[in-house]
Amino acid sequence: MNLKIHKGDTVEVISGRLDDKGKRGEVIRVLPKDQRVVVQGVNLRTKHQRQVQSQGRTISPGKVRFEAPLDISNVMLVCPKCSKATRVGLSRSEDGKSVRVCKHCEAVIDE
Ligand SMILES: [Zn+2]
């Protein structure tokens with residue numbers, strides 16, 4: 001399975017929760033098995049942390065904000081060249097590697 005979204009890419013949220021729609025962020029994790037991605041600052045959830053003792057240190061209780069994974073079909077890659085949210089095509093580079101290509105400006109996204 002060749003996912004077209006990679007860690008470190010900038011993506012735009014195109015559907016899903018209303019308050020996240022149109023947001024852009026960096027992909028911080030890809031979960032290929034689940035077809036999900038974790039995007040910085042998107043799909044924020046709050047988790048309540050209990051007080052825990054860990055190796056003599058106390059981690060204080062409180063709310064922890066974290067990014068929940070969202071479906072890969074809800075995001076689109078933002079082209080680093082034309083900065084539009086775009087569909088991605090695949091092409092072969094000169095040395096035979098598979099590279100991603102922006103369908104807007106036809107720039108090769110992977111250097
Ligand atoms: Zn482009």
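Remember, it's 1-based here, ligands and their atoms both numbered in the order they're listed. Model, not experiment: these values are computed from the prediction.
The Zn ion (ligand 1) is the vertex of the angle joining SG of C102 and SG of C82, which measures 110° to the nearest 10°. Around the Zn ion (ligand 1), the angle linking C79 (SG) with C105 (SG) is 110°, rounded to 10 degrees.
For the Zn ion (ligand 1), the set of nearby N, O or S atoms under 2.8 Å includes none belonging to H104.
Of the N and O atoms on the side chains of T58 and Q53, at least one donor lies less than 3.5 Å from an acceptor on the other residue.
In this structure, CE in M76 is found 9.0 Å from CD1 in I5, a value given to the nearest 0.5 Å. Rounding to the nearest 0.5 Å places CG of D110 at 4.0 Å from CZ of R100.
Checked for salt-bridge contact, K4 and D9 miss the test: no charged N lies under 4.0 Å from a carboxylate O.
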